[in-house]
Asker: 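Handing you a structure now.
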Amino acid sequence: MTAPLPPGDYEALIALIHERFDQMSKTYQKISVFLTQNPNEVAVQSVNAIAERCGIHASSFVRFAQALGYSGFKDLQVLFQRRLSTAAPGFEARVHALEQGLSGREDKSDLGFLRDLIVQDIASLQELLDGIDSADFGRAADLIHGAETVYLIGQLRSEPVVVLIRYLLTMLGKRCALLDVGGGLATHMARVMTPDDVLLAVSFRFYANEVVSIVDEASQGRVPTIAITDSTLSPIAKSAEVLFAVPEHDHAFSRSLAAPICLAQALTVAVAARLQPEGAAPRIPTVTQA
């Protein structure tokens with residue numbers, strides 16, 4: 001019997017990874033997450049460089065590709081290269097220039113750290129802009145606008161994103177509730193959600209267990225969920241009605257929130273456009289506004 005052919009394009013490959021993810025070994029799962037989170041880096045870097053980033057031996061990447069039907073990792077990598085070459089005009093050149101700028105950096109001063117962060121954030125924001133789906137973005141804004149109450153959940157480093165959204169929605173007069181961990185009541189508060197509400201969940205690796213649990217319960221209760229996370233393989237992705245997999249770039253100390261914060265602000269501006277008079281420029285009031 002002839003063995004089935006491996007996926008011939010990037011989308012089919014990602015679909016196959018999703019299909020097999022739960023049955024993969026921990027090493028293969030770690031490789032899968034990296035591939036889905038960093039497709040541009042996979043396209044332009046050597047297998048040794050990618051393996052070093054992951055902390056996994058390069059031979060594991062070769063075996064991973066062979067397990068999916070490819071002769072080696074280079075055959076799999078070609079799909080990522082094709083994806084990058086057909087991205088928005090000039091995108092490949094911009095990504096390459098940013099990577100070259102970082103790898104060749106000679107500025108070791110304190111100000112150099114600022115430069116590195118800004119360059120990485122520019123890359124994340126550009127990937128967000130090129131990768132966002134217009135229909136998903138509009139659907140998310142419609143869900144927030146039409147919800148009886150918008151429930152917000154985000155813990156650990158995701159918390160600043162939902163705190164900002166709560167502030168912006170409150171200034172718009174949109175009823176919202178932050179499922180705060182204070183007092184240990186977040187899970188109990190979430191159980192009052194109804195299908196007329198919406199849950200907006202933000203979670204990045206390493207995913208807070210309570211956030212994952214609340215998203216799962218919301219799905220079982222037919223509460224629409226908007227998820228902002230870092231991978232289509234995130235544990236909150238499968239329950240989301242609308243999923244935003246926001247690109248992230250590793251920094252020495254943490255991962256930047258520039259892209260998810262920008263997405264959060266843009267979503268609230270889109271909601272403002274729906275709440276305010278047609279034709280008027282969307283505007284979010286502030287507490288200091290006269």
Asker: Is the shortest heavy-atom distance from the side chain of Phe244 to the side chain of Leu128 under 4.5 Å?
Answerer: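 They are not in side-chain contact.
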
Asker: May I ask whether Tyr151 and Met171 are part of the same hydrophobic cluster, defined by side-chain heavy atoms of I, L, V, M, F, W, Y residues being less than 4.5 angstrom apart, directly or through others?
Answerer: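 Hydrophobic grouping puts Tyr151 apart from Met171.
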
Asker: Is it true that a side-chain atom of Arg274 and a backbone atom of Ala270 form a donor plus acceptor pair closer than 3.5 Å?
Answerer: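 Checking the backbone N and O of Ala270 against the side chain of Arg274, a donor-acceptor pair under 3.5 Å is found.
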
Asker: Ser213 vs Asp216, test: side chain to side chain donor-acceptor pair (under 3.5 Å). Steps then yes/no.
Answerer: CA-CA 5 Å; Ser213 176; Asp216 286 344; over 6 Å; no

Asker: Counting C-beta onward and ignoring hydrogens, is there a side-chain heavy-atom pair between Val202 and Glu159 closer than 4.5 Å?
Answerer: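 Not touching, per the 4.5 Å side-chain cut-off.
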
Asker: Measure from the side-chain N and O atoms of Thr229 to the backbone N and O of Ser203, and report whether any donor-acceptor pair falls under 3.5 Å.
Answerer: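 Looks like yes, one N/O pair under 3.5 Å.
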
Asker: Does the side chain of Leu257 come within less than 4.5 Å of Phe204's, by heavy atoms?
Answerer: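 Heavy-atom side-chain distance check passes, below 4.5 Å.
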
Asker: Short question: side chain of Glu148, backbone of Asp196 - any donor-acceptor pair under 3.5 Å?
Answerer: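 No, because the side chain of Glu148 does not come within donor-acceptor range (under 3.5 Å) of the backbone of Asp196.
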
Asker: Just checking, is any N or O donor in the side chain of Glu210 or Thr187 under 3.5 Å from an acceptor N or O on the other one?
Answerer: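 The criterion, which ignores hydrogens and geometry beyond distance, is satisfied for Thr187 and Glu210.
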
Asker: Determine whether Asp230 and Val246 make a side-chain contact, defined as any pair of heavy atoms from C-beta on separated by less than 4.5 Å.
Answerer: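 Side-chain contact under 4.5 Å: no.
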
Asker: Do Leu199 and Ile226 have side chains that approach each other closer than 4.5 Å (heavy atoms only, starting at C-beta)?
Answerer: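 No, side chains not in contact.
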
Asker: Between Ser60 (side chain) and Ile56 (backbone), is there a donor-acceptor pair under 3.5 Å?
Answerer: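 Checking the backbone N and O of Ile56 against the side chain of Ser60, no donor-acceptor pair under 3.5 Å is found.
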
Asker: Transitively linked via ILVMFWY side-chain contacts under 4.5 Å: Val223 with Leu143?
Answerer: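 No, no single cluster joins them.
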
Asker: Hey, quick one: are Val192 and Val181 part of the same hydrophobic cluster, counting side-chain heavy atoms closer than 4.5 Å, chains of contacts allowed?
Answerer: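 Shared cluster, no.
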
Asker: Indicate yes or no for a side-chain donor-acceptor contact from Asp133 to the backbone of Asp136 under 3.5 Å, with no hydrogens or angles considered.
Answerer: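 Checking the backbone N and O of Asp136 against the side chain of Asp133, a donor-acceptor pair under 3.5 Å is found.
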
Asker: Is the CG atom of Asn209 crowded by more than 12 outside heavy atoms at less than 6.0 Å?
Answerer: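 Count not over threshold, so no.
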
Asker: Strictly distance-based, threshold 3.5 Å: is any side-chain N or O of Gln77 a donor or acceptor partner for the main-chain N or O of Val42?
Answerer: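 Checked: pair present.
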
Asker: Show your reasoning for whether salt bridge (Lys or Arg N to Asp or Glu O under 4.0 Å) applies to Glu241 and Arg139.
Answerer: CA-CA 9 Å; Glu241 182 162 332; Arg139 175 64 177 149; 2.3 Å; yes

Asker: With distance as the sole test, does Gln155 use its side chain to make a donor-acceptor pair with the main-chain N or O of Val211 at under 3.5 Å?
Answerer: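 Checking the backbone N and O of Val211 against the side chain of Gln155, no donor-acceptor pair under 3.5 Å is found.
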
Asker: Checking side chain to side chain donor-acceptor pair (under 3.5 Å) for the pair Thr36/Ser231: CA distance, chi angles, key distance, verdict?
Answerer: CA-CA 6 Å; Thr36 58; Ser231 171; 3.1 Å; yes

Asker: Any donor-acceptor pair under 3.5 Å linking the side-chain atoms of Thr225 with those of Ser239?
Answerer: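 Not at all, the side chains of Ser239 and Thr225 share no donor-acceptor pair under 3.5 Å.
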
Asker: Should Val150 and Asp197 count as side-chain neighbours, where that means a heavy-atom distance under 4.5 Å?
Answerer: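 Answer no - side chains too far apart.
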
Asker: Would you call Met24 and Phe64 a side-chain contact if the rule is heavy atoms closer than 4.5 Å?
Answerer: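 With C-beta onward as the side chain, the pair touches.
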
Asker: Heavy-atom distance under 4.5 Å between the side chains of Val198 and Leu200, does that happen here?
Answerer: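 No, their side chains stay 4.5 Å or more apart.
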
Asker: Kindly work out whether a path of hydrophobic side-chain contacts (I/L/V/M/F/W/Y, heavy atoms less than 4.5 Å apart) joins Leu243 to Val33.
Answerer: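 No; tracing contacts between hydrophobic side chains, which count when under 4.5 Å, never links both residues.
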
Asker: Write down the atom of Arg166, the atom of Thr170, and the distance for their closest heavy-atom approach.
Answerer: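 Here Arg166 and Thr170 meet closest at O-OG1, 2.7 Å.
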
Asker: Just by distance, do the side chain of Lys74 and the backbone of Val47 share a donor-acceptor pair under 3.5 Å?
Answerer: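 No; zero donor-acceptor contacts below 3.5 Å.
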
Asker: Applying the 4.5 Å side-chain criterion to the ILVMFWY set and letting contacts propagate, would Ile165 and Leu267 be lumped into a single cluster?
Answerer: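 They do share one cluster, since a chain of ILVMFWY contacts under 4.5 Å joins Ile165 to Leu267.
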
